[in-house]
Amino acid sequence: MKPNNSFNEKVYALLKKVPKGKVTTYKNLANKLGTRAYRAVGRAMACNPYAPKVPCHRVVSSDGTIGGFNGTKNPNSAPIKRKIALLKKEGVIVKANKIVNFERIVVL
DNA sequence: GCTTTGACTCTCG
DNA sequence: TCGAGAGCCAAAG
């Protein structure tokens with residue numbers, strides 16, 4: 001369960017590389033990891049043991065949409081909405097769970 | 001060790 | 001333009 005030395009670790013590392021006020025996409029992360037495990041990346045976020053370290057809310061789908069972590073039935077993902085609000089403060093405009101300014105999506 | 005699921009993406013209808 | 005289905009990879013059970 002949640003191996004600290006695995007694929008997900010690499011995802012967290014890339015996520016931490018994302019500058020503040022910027023967001024990234026699952027596809028991008030997977031591509032950087034040299035894999036097509038887009039879903040694996042998202043799943044790693046669901047199990048992310050690095051809550052404050054890994055800004056999962058900073059990761060969006062390739063279309064710029066938030067995805068589903070905000071609409072998840074998981075109670076742990078509920079307060080993430082608050083993180084999105086903070087993200088907006090940083091310069092990332094999120095409207096209706098979607099990134100308005102795509103310029104904020106940075107490619108690692 | 002095999003089967004199921006998942007915060008996704010792409011293509012076809 | 002919108003909707004549904006198949007595909008890929010990895011981790012959890």
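Bear in mind the structure is a predicted one, so any value in this text is a computation, not a measurement. Letters A, B, ... are given to chains in the order of the sequence lines, protein chains preceding strands, and every chain is numbered from 1. Side chains are part of it too, since the values below use all heavy atoms of this structure and drop only hydrogens, waters and symmetry mates.
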Does A:Lys83 use its side chain to pair, donor to acceptor, with the backbone of A:Lys81 at less than 3.5 Å? no
In terms of side-chain heavy atoms of A:Met45, which of B:dC10, B:dA7, C:dA12 is nearest? B:dA7
To the nearest angstrom, how far is A:Asn48 atom CG from B:dG6 atom P? 17 Å
Measure the shortest side-chain to side-chain distance between A:Lys32 and A:Val107 over non-hydrogen atoms and say whether it is less than 4.5 angstrom. yes
Over how many whole Å does the gap from A:Lys27 atom NZ to B:dT11 atom C1' extend? 13 Å
Just by distance, do the side chain of A:Asn101 and the backbone of A:Ile93 share a donor-acceptor pair under 3.5 Å? yes
Does A:Thr25 put a side-chain nitrogen or oxygen below 4.0 Å from OP1 or OP2 of B:dC8? no
A side-chain contact here means heavy atoms from C-beta on lying under 4.5 Å apart; do A:Thr24 and A:Ile105 qualify? no
Atom-to-atom span, CG of A:Asn31 to C1' of B:dC8 - whole angstrom: 14 Å
Does A:Arg58 use its side chain to pair, donor to acceptor, with the backbone of A:Leu15 at less than 3.5 Å? no
Note: for A:Val60 and A:Val41 on DNA chain B, the residue whose nearest nucleotide lies more 5' is A:Val41
A:Ile99 atom CD1 is separated from B:dC8 atom C1', nearest whole Å, by 16 Å
Quick one, give me the B/S/- string for nucleotides 3-10 of chain C, reading 5' to 3', where B means a protein heavy atom under 4.0 Å from the base and S means that only happens at the primed atoms, P, OP1 or OP2. ----BBBS
What integer distance in Å separates A:Asp63:CG from C:dC2:P? 12 Å
Does some side-chain heavy atom of A:Thr25 sit less than 4.5 Å from a side-chain heavy atom of A:Tyr38? no
